Each structure stands twice: as structure tokens, then as C-alpha cells.
Undergrad: 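One structure, as C-alpha cells, below. Some questions next.
What you see is a predicted model; the values in this text were computed from it and never measured.
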Amino acid sequence: MNWNWQAIIKYFPDLLSASITTLELVIASCALGLIFGVLLGLWRLSPVVWLRAIPAMYIFFFRGTPLLVQIFLIYYGLGQFDAIKQSALWQPVLSQAYWCAIIAFTLNTSAYIAEIVRGAIQAVPQGELEAADAIGMSKLKKLRRITLPRAFGIMIPAYSNEVIFMLKGSALAASITVAELTYKAREIMAATYLNLEMYFAAGVIYLLISWVFLFAFRQFEHRINHHKYYTPTHQS
């Protein structure tokens, strides 16, 4: 087998350029998914049973069906409804593969993040909540100043894993012609027949992006949870 390094060097800039779209998909969907996920996670903790059932069904659907199916349902399915095609959002948003991919990724990741948030909130030490009650904090103030900050510190490792999962899942956007990294690699392969080389180059870029994300999250976790990494100085 002849390994063509020259082709990898030649097309690597094109793949890097396409990876910008991949980053846009991941960052936008994970940021929006975090917002919706926090709201869903709080909703899941409602003391009212029938209220908890609504987000539970949402989470069950998006965690229980393949991401590819969800992308197809949004991209191909929404156009089957005349009310949606005649709406103001159809032409600028819902008819565009790029935005449909972001919507699908956001809905999918928010379901996973909701469960991460719910678990993190339930893992907040009970003593801290009791202390907040003892000094007379209102429920909203306790949520804002105690529960959510502590929960975010707890959930950072799990959330970073979800971001990496979405990075890998973003390759599915190629199935609806979004010109991200995998789509560009396939275009080059169709023109050059260098399948292994292009997949290898794309894989290297995915690894580099993953490393950057993981490094950033690790630094962020050290900053937020600095009390866990405190090293006392010994004075003589």
C-alpha cells in the first residue's frame, strides 16, 4: 500500500477550514443545549408528578432515538407541514441544513445535559443547603447562590464528555450536506480516491479539537473547584 503524505499535506488546510463549521455546530449546540438542559433539569426536580413527566418524556425520546434519525426528522420532516413552510422561520432557518443540524444537536444534547444537571443538583451536599435555610435564604436565592454554582462544579467532567460526544456526533451533519469536516473529507476522497489518507487527516483534526476542549475544561474545573486542588504550603 502506498501512503500519500503529499496529499495529506496538500488538503490539510482545506480540512482545517471545514473544521471551523464543525466548531460552530458544536459550540452553538452545546451552549444552547446547556441553557435548555439546566431548565429541563430543574423541571425534572419538580415536586409535582405530572410536571416531572413532561421533561421525562422529552428526555426519554431524545436519549432513546439515534441522533441521525433526529436530524432527518427535523431536516426532512418539518417540510411536510404546510404551516411550517409558510411560517417566517422556514426560509431563513428551517429550510437550511446548517440550522437544522444545530437544532437537532441542541435538542439532543439538552436531553443528556438535563440528566447531568439533575444528578449534579442532587449531589450538592445537604449540609450546604441546610446552612442556607438556617440563615433564611429564599428558595430563589439559595438556587442562585448555592445550588446551581455547586452543581456546575460537580457537573463539569460529565458536561465535558457531552461536548466531546457532540463533537463526534457533528460528523452526522454531513448526511444533510452541511459542509463540515467529514463532508469535506468525503468530497476530497471522491476526487482523489485517497480514502485512508483523508480519514486519517480528518481524524487527526478531530483529536486536536478534542484535546483543546478537554484541556480548556480541565483548566476551568481547576478554577471553579480550586478547593479540591488546594495544596497547603508548609512553613518552617
Undergrad: Would you give the length of the straight line joining atom CD1 of I116 to atom CD1 of I156, rounded to the nearest 0.5 angstrom?
TA: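 Those atoms lie 12.0 Å apart.
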Undergrad: Kindly give the heavy-atom pair with the smallest separation between I224 and G153, and that separation in Å.
TA: CG2-CA, 3.9 Å
Undergrad: Out of curiosity, does F152 fall in the hydrophobic cluster containing L40 (side-chain heavy atoms, cut-off under 4.5 Å, transitive links)?
TA: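 L40 does not cluster with F152.
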Undergrad: Does the S17 side chain pair with the main chain of P13, one donor and one acceptor, at a distance under 3.5 Å?
TA: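 Checking the backbone N and O of P13 against the side chain of S17, no donor-acceptor pair under 3.5 Å is found.
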Undergrad: For R145, is the CZ atom crowded, meaning more than 12 foreign heavy atoms sit under 6.0 Å from it?
TA: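 No, the 6.0 Å shell around CZ holds no more than 12 heavy atoms from other groups.
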Undergrad: If you round to the nearest 0.5 Å, how far is CG of L181 from OG1 of T21?
TA: 9.5 Å
Undergrad: So how far is it from T106 OG1 to I74 CD1, rounded to the nearest 0.5 Å?
TA: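 Reported value, rounded in 0.5 Å steps: 9.0 Å.
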Undergrad: Is the count of non-hydrogen atoms from other residues, nucleotides or ligands lying under 6.0 Å from F60 atom CZ greater than 12?
TA: no
Undergrad: Nearest 0.5 Å, what's the CZ-OH distance between F165 and Y159?
TA: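 Here the interatomic distance stands at 14.0 Å.
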Undergrad: Is there a continuous path of hydrophobic side-chain contacts, each under 4.5 Å between heavy atoms, that joins L78 to Y98?
TA: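 Result: yes, single cluster for both.
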Undergrad: Mind checking whether L94 and W99 have side chains closer than 4.5 Å, heavy atoms only?
TA: no
Undergrad: If you take all heavy atoms of I54 and W43, which pair is closest and at what distance?
TA: CG2-CH2, 3.6 Å
Undergrad: Is there a continuous path of hydrophobic side-chain contacts, each under 4.5 Å between heavy atoms, that joins L51 to I121?
TA: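 Looking at the clustering, I121 is in a separate group from L51.
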Undergrad: With hydrophobic residues grouped by side-chain heavy-atom distances under 4.5 Å, do Y112 and I154 end up in a single group?
TA: no
Undergrad: Given side chains that start at C-beta, do those of I71 and F105 come closer than 4.5 Å, heavy atoms only?
TA: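 Touching, per the 4.5 Å side-chain cut-off.
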Undergrad: Could you report the tightest heavy-atom contact between I59 and A114, atom names first, then the distance?
TA: CD1-CB, 3.7 Å
Undergrad: Quick one: which residue pairs count as a salt bridge (charged side-chain N to carboxylate O under 4.0 Å, His left out) with a foot in residues 170-193, not counting sequence neighbours?
TA: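 Of all non-adjacent pairs touching residues 170-193, those that pass salt bridge (charged side-chain N to carboxylate O under 4.0 Å, His left out) are K184-E187.
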Undergrad: Could you tell me whether the side chain of M166 reaches within less than 4.5 Å of the side chain of N108, counting heavy atoms only?
TA: yes
Undergrad: Side-chain donor-acceptor contacts of residues 188-201 below 3.5 Å, not counting sequence neighbours, with atom names and distances?
TA:
from: T192; atom 1: OG1; to: I188; atom 2: O; distance (Å): 2.8
from: T192; atom 1: OG1; to: L194; atom 2: N; distance (Å): 3.3
from: E197; atom 1: OE2; to: N4; atom 2: N; distance (Å): 3.1

Undergrad: Thinking salt bridges, do R218 and E221 make one under a 4.0 Å N-O criterion?
TA: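 Salt bridge flag = no for E221 with R218.
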Undergrad: Is it the case that the side chain of Q70 and the backbone of T65 share a donor-acceptor pair, with hydrogens and angles ignored and the cut-off at 3.5 Å?
TA: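 Yes, because the side chain of Q70 sits within donor-acceptor range (under 3.5 Å) of the backbone of T65.
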Undergrad: So, Y58 versus S110: side-chain donor-acceptor pair below 3.5 Å or not?
TA: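 Yes - a donor-acceptor pair under 3.5 Å links their side chains.
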Undergrad: For the atom pair OG (S19) and CG (D14), what is the distance rounded to the nearest 0.5 Å?
TA: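 These two atoms lie 11.0 Å from each other.
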Undergrad: Any sub-3.5 Å donor-acceptor pair from R118's side-chain atoms to G41's backbone N or O?
TA: no
Undergrad: Of the non-hydrogen atoms in Q91 and Q96, which two are nearest, and what is the gap between them?
TA: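 That closest heavy-atom pairing would be O-NE2, 3.1 Å.
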Undergrad: With ILVMFWY side chains joined below 4.5 Å, transitively, what does V212's cluster contain besides itself?
TA: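 Traced through the cluster, V212 reaches W211, F215.
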Undergrad: Give me the atom names and distance for the closest heavy-atom approach of L73 to F61.
TA: CD1-CZ, 4.2 Å
Undergrad: Is there a continuous path of hydrophobic side-chain contacts, each under 4.5 Å between heavy atoms, that joins V163 to L214?
TA: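 Cluster IDs for V163 and L214 match.
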Undergrad: Taking only residues two or more places apart in sequence, or in another chain, which ones meet P66 in a side-chain contact (heavy atoms from CB on, under 4.5 Å)?
TA: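 Scan of P66 (side-chain contact (heavy atoms from CB on, under 4.5 Å), adjacent residues dropped) gives V69.
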Undergrad: Report, one line per pair, each donor and acceptor closer than 3.5 Å where one atom sits in a side chain of residues 26-36; sequence neighbours left out.
TA:
from: S29; atom 1: OG; to: L25; atom 2: O; distance (Å): 2.7
from: S29; atom 1: OG; to: V26; atom 2: O; distance (Å): 3.2

Undergrad: I'd like to know if the side chain of S95 reaches the main chain of W90, judged simply by a donor and an acceptor atom lying under 3.5 Å from each other, with no hydrogens or angles considered.
TA: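 Checking the backbone N and O of W90 against the side chain of S95, a donor-acceptor pair under 3.5 Å is found.
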Undergrad: Please report the closest heavy-atom contact between M137 and K142, naming both atoms and the distance.
TA: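 The pair with the smallest heavy-atom distance is SD-CA, 4.0 Å.
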Undergrad: Rounded to the nearest 0.5 Å, what separation is found between the CD1 atom of I176 and the CZ atom of F72?
TA: 8.0 Å
Undergrad: List the residues meeting salt bridge (charged side-chain N to carboxylate O under 4.0 Å, His left out) with R144, not counting sequence neighbours, and say none if there are none.
TA: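 Salt bridge (charged side-chain N to carboxylate O under 4.0 Å, His left out) list for R144, sorted by chain: empty.
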